[in-house]
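Here the structure is a predicted model, which means the values were calculated and not measured. Residue numbers run from 1 in the order of the sequence given.
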Amino acid sequence: MNNKTLVGSTIGTTLDRFINHKQADFPFATGELSQLLRDIALAGKIINLEINKSGLLDIAGAYGAVNVQGEEQQKLDVIANVRFIRALRNGGQVCAIVSEEDDEIVEINADSNYVVAMDPLDGSSNIDVNVSIGTIFSIYRRVTAPGEHVTKEDVLQKGDKQVAAGYILYGSSTMMVYTTGHGVNGFTLEPSLGEFVLSHADIQSPEDGQIYSVNEGAYYSFEQGVQDYIRYCKEERYSARYIGSLVSDFHRNMFKGGIYLYPRTDKSPNGKLRLVYECNALAFIAEQSGGMATDGENRIMSLDPLELHQRTQLLIGSTAMVKKAVSFL
Ligand SMILES: O=P(O)(O)OC[C@H]1O[C@](O)(COP(=O)(O)O)[C@@H](O)[C@@H]1O
Ligand SMILES: [Mg+2]
Ligand SMILES: [Mg+2]
């Protein structure tokens with residue numbers, strides 16, 4: 001882990017100031033993307049407050065509905081979804097949202113330029129047991145003209161088209177980590193100030209590592225190559241670490257060096273994780289911090305999304321480890 005002092009964006013700089021500073025790098029910037037990043041940070045702060053006291057409030061447990069994935073929605077999944085949509089609507093920069101919790105495209109401000117794909121609450125199985133969870137987001141510029149009807153073309157863009165992406169991690173501290181294609185920076189929420197403050201500048205993921213993250217309980221449903229790679233990790237005496245929240249496992253491995261795998265199984269022939277609002281964002285962060293993200297054959301960000309809730313196999317993390325894993329497939 002390296003904390004470097006960068007001209008104009010020193011450790012301790014607030015997110016707001018950092019965004020302003022970075023915007024100056026783009027002479028034709030309109031400030032829309034900057035405002036959108038602020039809106040996401042605001043929604044993250046609001047959700048963070050609810051998560052922190054979720055045990056005290058009647059927001060634990062199931063919501064009593066099933067989302068398009070066939071998964072039982074948790075109350076906090078729905079609350080986080082509502083909070084994000086409201087913050088992005090009020091912020092005025094978004095024309096459409098693709099969310100894990102909504103079957104169809106959520107149309108917002110027809111005249112706005114940006115599309116957001118989001119997983120409002122990642123790691124839902126950990127919500128009620130006080131284990132770290134997150135929010136994942138990808139930002140694209142629409143391809144249709146402002147004012148026109150939003151189409152699937154606007155929301156089903158390759159990961160390579162992302163203009164920004166990141167996540168908010170609600171853990172022992174709350175962090176917002178994002179990229180606009182110029183490196184990855186992490187901001188820690190200073191609770192008494194209520195401000196995200198630059199704490200991890202220009203994050204670089206180690207080339208190699210000793211940690212592997214996979215749900216080994218599904219070992220026998222994985223393809224032979226994946227089973228062989230997991231056995232290799234054991235022979236190498238790597239450490240097995242699996243929180244069960246993609247954002248948290250990814251975050252740890254990005255700093256310490258490691259690989260996260262969610263392989264396809266006989267039950268889920270395309271894997272479990274969603275390309276549009278989980279994998280593309282983390283793939284952008286991984287590549288921008290020196291790591292790698294693949295479905296076993298292709299770069300995740302080169303994949304053409306065909307469906308809003310399309311799933312993909314995911315291998316992500318330190319480059320040397322991901323390449324090694326792919327060599328087993
Ligand atoms: O319980 P499993 O099958 O290991 O799946 C855990 C994975 O599923 C997820 O919970 C899926 O995300 P959601 O919680 O947003 O649906 C990931 O965060 C996590 O890595
Ligand atoms: Mg998720
Ligand atoms: Mg989710």
When you check the gap from the basic side-chain N to the acidic O, do Glu148 and Arg142 get nearer than 4.0 Å?
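Answer for the salt bridge query: no.
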Strictly below 4.0 Å, N to O, side chains only: are Lys234 and Glu216 in salt-bridge contact?
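Yes, charged N to carboxylate O under 4.0 Å.
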Return yes if a side-chain donor-acceptor contact under 3.5 Å exists between [X] and [Y], otherwise no.
X	Y	value
Tyr170	Thr135	yes
Asp295	Gln313	no
Asp202	Gln204	yes
Asn126	Ser132	no
Asn280	Ser138	no
Ser199	Thr188	yes

Any chance CG of Asp266 has more than 12 other-residue heavy atoms, nucleotides or ligands included, within less than 6.0 Å?
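For Asp266, atom CG is crowded (more than 12 foreign heavy atoms under 6.0 Å).
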Exceeds 12 heavy-atom contacts within 6.0 angstrom, atom OH of Tyr63
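Incorrect, the count does not exceed 12.
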Does the side chain of Met254 come within less than 4.5 Å of Ile285's, by heavy atoms?
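The answer is yes; the side chains approach within 4.5 Å.
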Is there a donor-acceptor contact under 3.5 Å from the side chain of [X] to the main chain of [Y]?
X	Y	value
Asp122	Val247	yes
Asn109	Ser112	no
Arg311	Lys272	yes

Would you kindly confirm whether Met118 and Leu156 end up in one hydrophobic cluster when ILVMFWY residues are joined by side chain heavy atoms under 4.5 Å apart?
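Different hydrophobic clusters.
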Go through Asp154 and Arg141 one step at a time and tell me if the salt bridge (Lys or Arg N to Asp or Glu O under 4.0 Å) criterion holds.
CA-CA 8 Å; Asp154 291 307; Arg141 277 190 77 80; over 6 Å; no
Residues which pass side chain to side chain donor-acceptor pair (under 3.5 Å) with Asp208, listed by chain and number, not counting sequence neighbours
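Applying side chain to side chain donor-acceptor pair (under 3.5 Å) to Asp208 gives none.
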Checking Glu190 now: which residues fulfil side chain to side chain donor-acceptor pair (under 3.5 Å) with it, not counting sequence neighbours?
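Side chain to side chain donor-acceptor pair (under 3.5 Å) list for Glu190, sorted by chain: Ser192.
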Just say parallel, tilted or perpendicular for the rings of Tyr219 and Phe222, cut-offs at 30° and 60°.
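Because their plane-to-plane angle is over 60°, the rings of Tyr219 and Phe222 count as perpendicular.
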Parallel, tilted or perpendicular, as decided by the 30° and 60° cut-offs, for the rings of Tyr242 and Tyr260
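Parallel, since the angle between the ring planes stays under 30°.
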Within the 6.0 Å centroid threshold, strictly below: Phe187 and Phe196
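No, ring centres 6.0 Å or more apart.
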Given the side-chain rings of Tyr114 and Tyr140, with only the six-membered ring counted for Trp, is the space between their centroids under 6.0 Å?
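No.
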Non-neighbouring partners of [X] that pass salt bridge (Lys or Arg N to Asp or Glu O under 4.0 Å), sequence neighbours left out:
X	answer
Arg38	Asp16
Arg264	Glu223
Lys152	Glu307

By the salt bridge (charged side-chain N to carboxylate O under 4.0 Å, His left out) test, which pairs, at least two apart or in different chains, include something from residues 86-104?
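Every salt bridge (charged side-chain N to carboxylate O under 4.0 Å, His left out) pair that includes a residue of residues 86-104, provided the two are not neighbours, is Glu100-Arg274.
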